[in-house]
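The structure appears right after this line, and notes come after that.
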Amino acid sequence: MHPSLQALLTLVPALTLATAFAAPVAPAASRDAAAPDSRSALIVVDVQNCFVEGGSLPVKDGLAIVPLINRLAPAFDNIVVTQDWHTPGHASFASSHAGKKPFETTAMPYGTQVLWPDHCVQGSGDAALVKDLKLPTAQLIIRKGFHQGVDSYSAFEEADHRTSTGLAAYLKARGIATVYVVGLATDFCVAWTALDARKAGFRTFVIEDATRAIDLNGSLAASMAAMRKAGVQVIRSSAIAAP
Ligand code: VGL
Ligand code: ZN
């Protein structure tokens, strides 16, 4: 669990109230402020068969974001794609822990770990990118969660908060200052990626309608509050690409 998310999860009832009064979605007038430029990158998180209808850990309505992402892509000179990429018997799988069921938690050396159904195993069709995702100009695929004993929701660093994926250095070497995060799932890999993007100093947008959530025990409200608190700007795809 991301430390700032963990702290916030203990406040879920308060947060639910807080988000009910959160600022409304950015109006069309903010289109220019949200517009990507040559120093912007789109980060497409985990749009894989495992996380959509028919996959091993399906996120409700996950496929609905694919046409949106395809429509956003031409607005970006720089696109990075991530893939959740686990070993068979990965430590984040409930099946690797005697007596544990999916969606329960366990204590790992790096903190509390939600246990998932087996998902996104390296090289499987389940781990492949969704076929209809059309990102012909994407330049980098970051695979994460491939160390047997450590999960990695974030595209920037593993859940031990020590092991870097190299993404921040890559983006900085390419002159990127602003990132736009889309994909699955809002409250896990998208949120952790956006929070770490802020930590690494990027101006950070999450394009909310191009994400879908798992929403486990209030995790969606907690993640939205954590992102807003960290300065992540939550926008709609209409601020960037005409519907
Ligand atoms: C994810 C749970 C487990 C995600 C990955 O992509 O949000 N969620 N592994
Ligand atoms: Zn995973």
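One-based numbering, in listed order, for ligands and for the atoms of each. Because only heavy atoms are used, hydrogens play no part in the values below, and waters and symmetry mates are left out as well, while side chains stay in. A quick note: this is a predicted structure, and the numbers were derived from the prediction, not measured.
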In terms of heavy-atom contacts, A155 and T165 come closest through O-OG1, 2.5 Å

Residues A200 and A168: closest non-hydrogen pair is CB-CB, 4.1 Å

By ring-ring contact (aromatic ring centres under 6.0 Å, His included), F205 pairs with (sequence neighbours left out) Y180

Whether the side chain of [X] engages the backbone of [Y] through a donor-acceptor N/O pair (distance < 3.5 Å, no angle test) should be reported.
{"X": "T186", "Y": "A213", "value": "yes"}
{"X": "Q83", "Y": "Q48", "value": "no"}
{"X": "R198", "Y": "F202", "value": "yes"}

Report for the Zn ion (ligand 2), protein N, O or S closer than 2.8 Å, by chain and number, lists D84 OD2, H86 NE2, H119 NE2

**Prompt:** H90 and F146: aromatic ring centres closer than 6.0 Å?
**Reply:** no

Residues passing the disulfide (SG to SG under 2.5 Å) test with C189, sequence neighbours excluded, are none

* To do: Flag yes if more than 12 heavy atoms outside K172 fall under 6.0 Å of its NZ atom; otherwise flag no.
  => yes

Please tabulate, one line per pair, the protein nitrogen or oxygen atoms found under 3.5 angstrom from a nitrogen or oxygen of ligand 1, with distances to 0.1 Å, or say none if there are no such pairs.
from, atom 1, to, atom 2, distance (Å)
ligand 1, 6 (O), D46, OD2, 2.7
ligand 1, 6 (O), L184, O, 3.2
ligand 1, 7 (O), A185, N, 3.0
ligand 1, 7 (O), C189, N, 3.0
ligand 1, 9 (N), D84, OD2, 3.0
ligand 1, 9 (N), H119, NE2, 3.1

